[in-house]
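Worksheet: the structure to be examined is printed underneath.
Position 1 is the first residue of the sequence, and the numbers go up from there. Whatever order the structure lists ligands and atoms in, that order sets their numbers, starting from 1. Just so you know, these numbers use all the heavy atoms, side chains as well, and skip hydrogens, waters and symmetry mates.
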Amino acid sequence: MHCDIADRSLAPRGRKRILWADADMPVLQRVRERFQAERPLEGVRMSCCLHVTAETANLVRALRSGGAEVVVCASNPLSTQDEVAASLVEDHGVPVHARRGEDTATFYRHLEAALAHSPHITMDDGADLVTAILTKHPELHGQIVASLEETTTGVIRLRAMERDGALRFPVIAVNDAATKHLFDNRYGTGQSTVDGIVRATDLLLAGKVVVTVGYGWCGRGFAGRVRGMGARVIVVEVDPIRALEATMDGFQVMSMRDAARQGEVFCTLTGNKHVIRREHFELMRDGAMICNSGHFDVEIDIPALRALAMEEHRGVREFVDRFDLSDGRRLYLLGEGRLINLAAAHGHPASVMDMSFATQALAAEHAVRHRGELPVRVVDVPREIEEWVARLKLDSMGVTLEELTPEQKKYQSSWEAGT
Ligand code: ADE
């Protein structure tokens with residue numbers, strides 16, 4: 001089996017982490033059990049470019065129970081949990097191409113190794129596999145049944161491909177399912193970003209001025225959670241409706257220039273490029289800490305920070321680099337500007353990945369069952385899948401849903417009754 005991981009001897013530790021996560025993934029467990037019985041993915045080759053975490057390992061277990069032949073590569077150079085990669089290889093016989101801290105050349109070599117599997121279905125966290133297939137692998141275009149996308153950033157990229165007429169096969173926007181972004185982006189990113197910042201710095205958040213750049217689902221989640229810990233939260237947003245929402249949610253909303261002067265901790269969650277740049281570094285307070293929780297490491301203009309700094313001190317503490325400016329101010333960059341929740345912490349908790357990954361697994365099944373029928377576009381996850389996942393999650397939490405009475409059903413489906 002061809003694979004490239006850091007250290008196979010870490011497998012026992014990885015096995016424990018995978019089982020620990022599994023215990024908090026009841027919906028995915030149900031999918032795995034049904035897949036085992038029905039084998040809906042029999043013979044389907046899947047290449048998955050995902051963060052190699054304990055939760056991802058449980059997704060891979062479910063897909064393989066369904067009969068899929070899965071190869072995994074890292075979707076980020078810093079997010080791989082080497083012990084999980086080891087367990088996937090040693091205990092489950094899954095070819096994995098991922099090493100924590102891999103350089104860019106290795107990252108792309110791993111991506112190519114996953115594509116050498118000649119997939120029918122790809123699963124992406126940032127659209128890197130699809131981009132590589134469209135730009136470098138025309139031989140695969142005809143055989144791809146569908147590609148599934150996990151992130152907001154990836155969906156934005158894929159919609160741009162669709163607009164440009166570049167797509168060659170259907171894409172299912174798993175990110176856009178309510179059972180994904182409403183929970184994973186809001187509660188998962190919200191909590192794990194706080195976790196990443198705290199692990200990297202040991203800061204007390206109470207009383208700190210924390211600037212949340214972006215008020216999408218991830219930004220909303222982070223702002224809400226960090227406020228819950230007592231931080232004084234500022235939101236920076238370009239969309240007027242979201243800015244209004246943040247204002248009515250009780251946050252101070254202002255321009256990046258104004259926020260730059262006041263913030264003590266900055267976190268970008270926009271999916272866009274250079275949202276914190278030279279003009280902002282120039283205004284920041286001594287000791288400001290800057291991090292990113294968006295998918296790519298482009299949100300903070302790190303080259304500009306480097307150019308501005310007189311000296312750069314790498315690793316003043318694990319996950320922290322210090323940049324000394326000529327006027328004596330020191331700015332701290334956390335997690336090299338890569339997503340802090342996976343670089344410095346363990347990513348989203350299993351309980352939330354449970355829904356995201358159950359939705360992924362069921363979307364893969366849907367793609368196979370409708371092979372050749374899906375349009376060559378970015379399409380949504382079917383509503384039945386979302387409802388099934390939500391119902392099961394509620395059930396696992398011991399929450400009972402109310403049901404409509406026949407009278408209420410009739411009332412809702414008729415238009416005659418008025419005042
Ligand atoms: N993305 C964010 N958190 C994650 C996790 N725990 N596993 C896989 N992908 C993730």
Side-chain angles (χ1 to χ4, degrees), residues 14 16-25 27-28 31 46-63 70 72-85 87-88 94 96 98 100 114 122-129 148-155 173-177 179-197 199 216-219 221-222 225 267-269 271 291-297 335 338-361 363-364:
K16 286 186 189 155
R17 279 185 66 172
I18 294 168
L19 289 177
W20 179 261
D22 185 50
D24 223 359
M25 303 182 87
V27 184
L28 191 61
V31 173
M46 295 188 65
S47 299
C48 300
C49 180
L50 299 170
H51 300 294
V52 182
T53 65
E55 293 74 26
T56 297
N58 285 313
L59 169 62
V60 171
R61 290 174 66 203
L63 299 172
V70 183
V72 178
C73 68
S75 66
N76 185 289
L78 272 193
S79 62
T80 299
Q81 297 170 358
D82 286 327
E83 62 276 32
V84 168
S87 173
L88 275 171
V94 178
V96 179
R100 186 177 174 88
T122 62
M123 213 174 253
D124 250 328
D125 193 310
D128 282 333
L129 284 178
L148 316 183
E149 174 55 49
E150 171 79 2
T151 61
T152 310
T153 303
V155 170
V174 174
N175 176 74
D176 293 359
T179 41
K180 199 279 177 180
H181 69 265
L182 283 184
F183 305 95
D184 174 312
N185 298 21
R186 183 162 39 169
Y187 302 109
T189 306
Q191 177 170 318
S192 61
T193 300
V194 173
D195 189 11
I197 293 172
R199 288 199 207 196
W217 289 109
C218 295
F222 176 64
R225 257 114 283 277
C267 185
T268 55
L269 309 100
C291 69
N292 165 53
S293 207
H295 182 76
F296 288 117
D297 62 345
R338 296 198 183 274
L339 13 77
I340 191 68
N341 59 338
L342 280 142
H346 287 161
H348 304 356
S351 172
V352 88
M353 294 313 294
D354 185 27
M355 286 188 282
S356 305
F357 283 165
T359 309
Q360 279 280 15

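With sequence neighbours left out, the side-chain hydrogen bond (donor to acceptor under 3.5 Å, both in side chains) criterion links Asn185 to Thr152, Asn175, Lys180. Applying the ring pair (Phe, Tyr, Trp, His ring centres under 6.0 Å) criterion to His348, with sequence neighbours excluded, gives no partner residue. The side-chain contact (heavy atoms from CB on, under 4.5 Å) test applied to Leu19 returns Arg61, not counting sequence neighbours.
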| message | Could you walk me through whether Thr153 and His295 satisfy the side-chain hydrogen bond (donor to acceptor under 3.5 Å, both in side chains) test, starting with their C-alpha distance in whole Å, then the side-chain angles of each, then the deciding distance to 0.1 Å, before giving a yes or no? | response | CA-CA 6 Å; Thr153 303; His295 182 76; 5.5 Å; no
| Stepwise side-chain hydrogen bond (donor to acceptor under 3.5 Å, both in side chains) test for Thr56 and Thr53 | CA-CA 5 Å; Thr56 297; Thr53 65; 3.2 Å; yes
Ligand 1 polar-atom proximity to protein (N/O, under 3.5 Å):
unit_1	atom_1	unit_2	atom_2	d
ligand 1	3 (N)	His348	N	2.8
ligand 1	3 (N)	His348	ND1	3.3
ligand 1	6 (N)	Glu55	OE1	2.9
ligand 1	6 (N)	His348	N	3.4
ligand 1	6 (N)	His348	O	3.0
ligand 1	7 (N)	Thr53	OG1	2.7

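Residues Val84 and Ile18 meet the side-chain proximity criterion, which asks for heavy atoms closer than 4.5 Å.
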